[in-house]
There are 2 protein chains.
Amino acid sequence: MPDRPTQILEAAARLIARRGVRGLRVEEVSAEAGVSTALIYYHFKDRTGLLRRTLEFINRRAVRYTDAAFDLSDDPRTQLTEILLRELQDAPDVRENSAAWGELRATAVFDPDLRELLATATREWNDDLAGLIHRAREADPALSGVDAQAAAERLTALVEGVSERWLSGTTSLQRAHELIRGAVEAELRPA
Amino acid sequence: MPDRPTQILEAAARLIARRGVRGLRVEEVSAEAGVSTALIYYHFKDRTGLLRRTLEFINRRAVRYTDAAFDLSDDPRTQLTEILLRELQDAPDVRENSAAWGELRATAVFDPDLRELLATATREWNDDLAGLIHRAREADPALSGVDAQAAAERLTALVEGVSERWLSGTTSLQRAHELIRGAVEAELRPA
DNA sequence: GTCTATAGTGGGATAGAC
DNA sequence: GTCTATCCCACTATAGAC
């Protein structure tokens, strides 16, 4: 059994996925976690504090299921594709994560406080991916014309765009995966 | 001088770009438009009604500046690139549009009422782009391997992702344009 | 650390005059 | 069609007991 603060964070993460960052009500979190609202204020100071900690919590959790892609294969191209595909899955915690991430991005447009958290996480993601593309390029000389950094930025941006369409019901999960695979092929193609 | 409802919609569009859909206060809109809050309820029934009409208003307006890309050149590839680049500009009304569009997408994840509006507009955008890619393919036989529909969906999704990064200050406007140009090249490349 | 009870308030919505 | 005035509720946040 996790400790109280963690239980509250888990409840908050679930609710962000259902209602969004902006729709998150402290009272709802307390009900979902089975505690009083006062306890939330005791542990997290105010709504903003709860929000920040929840976003960090979700971010830490995301790394876990993405990293599993590395055990799947030694081929950097396969790893790359898997990492991107794993951002969109029908599992509850992955959906939670994508939804929260989308909310963070959307909220950061109007809330400068969140921008640093967003920028840092985005940079790490881009750099990780650029590293994999770099390795894929070394393994296959035909790819020498690929700009690893730019390709990485385009792929992550595309995944974010596709993710939002998936979450909003505009695009099916299957189609989303096809689009991502197609994008990897288009980017990692001899010039 | 536009009529009152239009003035209100213009004010609401400006405010959505500044505060977001969720941050939109009816009272603020009334102040910005120089009318009473009661008048807004008279014309739009409630806050949701105002929101819907504003989103539609913004959508109609967006078509105008994008369509100007067709006068620029007869080359479908140039038109295609221009259409995408024009989604991200430093002009106030374009920024307003991108911000509102981003908010619509993000909000639709949690608000089924907005999904239809979003899905229709997205489909039209994709189809327009797919048409251009189709024409580019006919003009250049080397592109015969390109799946116009899929490429269009990937490009629009990428533009949405890049747009969000631009608006949230994660990526500069210049870099955003580079990424879009690069994506067009990656997609419209002989197989 | 955790609760119950309640204060405070921002902002959506309406009544009624003109 | 448009305004002034006001109601009222949903939410955040705190006080104080245990």
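This one's a predicted model, so the numbers in the text were calculated from it and none came from an experiment.
Under the side chain to side chain donor-acceptor pair (under 3.5 Å) criterion, A/H177 pairs with no residue, sequence neighbours left out. Not counting sequence neighbours, the partners of B/T6 by the side chain to side chain donor-acceptor pair (under 3.5 Å) test are B/D3.
Between the axis at the start and the axis at the end of the helix from C/dG1-D/dC18 to C/dC18-D/dG1 there is an angle of 0°, using five pairs per end and rounding to 10 degrees.
Legend: side chain to side chain donor-acceptor pair (under 3.5 Å) pairs involving residues 119-133 of chain B, not counting sequence neighbours, sorted by first then second residue: B/N126-B/T156. Applying the side chain to side chain donor-acceptor pair (under 3.5 Å) test to residues at least two apart or on different chains, the pairs with a partner in residues 49-63 of chain A are A/R61-A/E96. Every pair passing salt bridge (Lys or Arg N to Asp or Glu O under 4.0 Å) that includes a residue from residues 70-83 of chain B is listed here, sequence neighbours excluded: B/E82-B/R86. The side chain to side chain donor-acceptor pair (under 3.5 Å) analysis of residues 178-191 of chain A, with sequence neighbours excluded, yields the pairs A/R154-A/E187, A/Q174-A/E178, A/R175-A/E178. For the side chain to side chain donor-acceptor pair (under 3.5 Å) condition, the pairs that include at least one residue of residues 9-20 of chain A, sequence neighbours left out, are A/R14-A/E32, A/R18-A/E32, A/R19-A/E28.
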Protein-nucleotides 12-14 of chain C N/O pairs under 3.5 Å:
unit_1: C/dG12; atom_1: OP1; unit_2: B/R25; atom_2: NH1; d: 3.4
unit_1: C/dG12; atom_1: OP2; unit_2: B/V26; atom_2: N; d: 2.8
unit_1: C/dA13; atom_1: OP2; unit_2: B/R47; atom_2: N; d: 2.9

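Using a 4.5 Å cut-off between side-chain heavy atoms of Ile, Leu, Val, Met, Phe, Trp and Tyr, A/Y65 falls into a hydrophobic cluster with A/V94. Through direct or relayed side-chain contacts under 4.5 Å between Ile, Leu, Val, Met, Phe, Trp and Tyr, B/I16 connects to B/I8, B/L9, B/L15, B/V21, B/L24, B/V26, B/V29, B/V35, B/L39, B/I40, B/Y41, B/Y42, B/F44, B/L50, B/L51, B/L55, B/F57, B/I58, B/W101, B/L104, B/L114, B/L117, B/L118.
Chain B approaches DNA chain D within less than 4.0 angstrom (heavy atoms of the protein), and the contacting nucleotides run 5' to 3' from D/dG1 to D/dT4.
In this structure, the side chain of B/S98 engages the main chain of B/E87 through a donor-acceptor pair within 3.5 Å.
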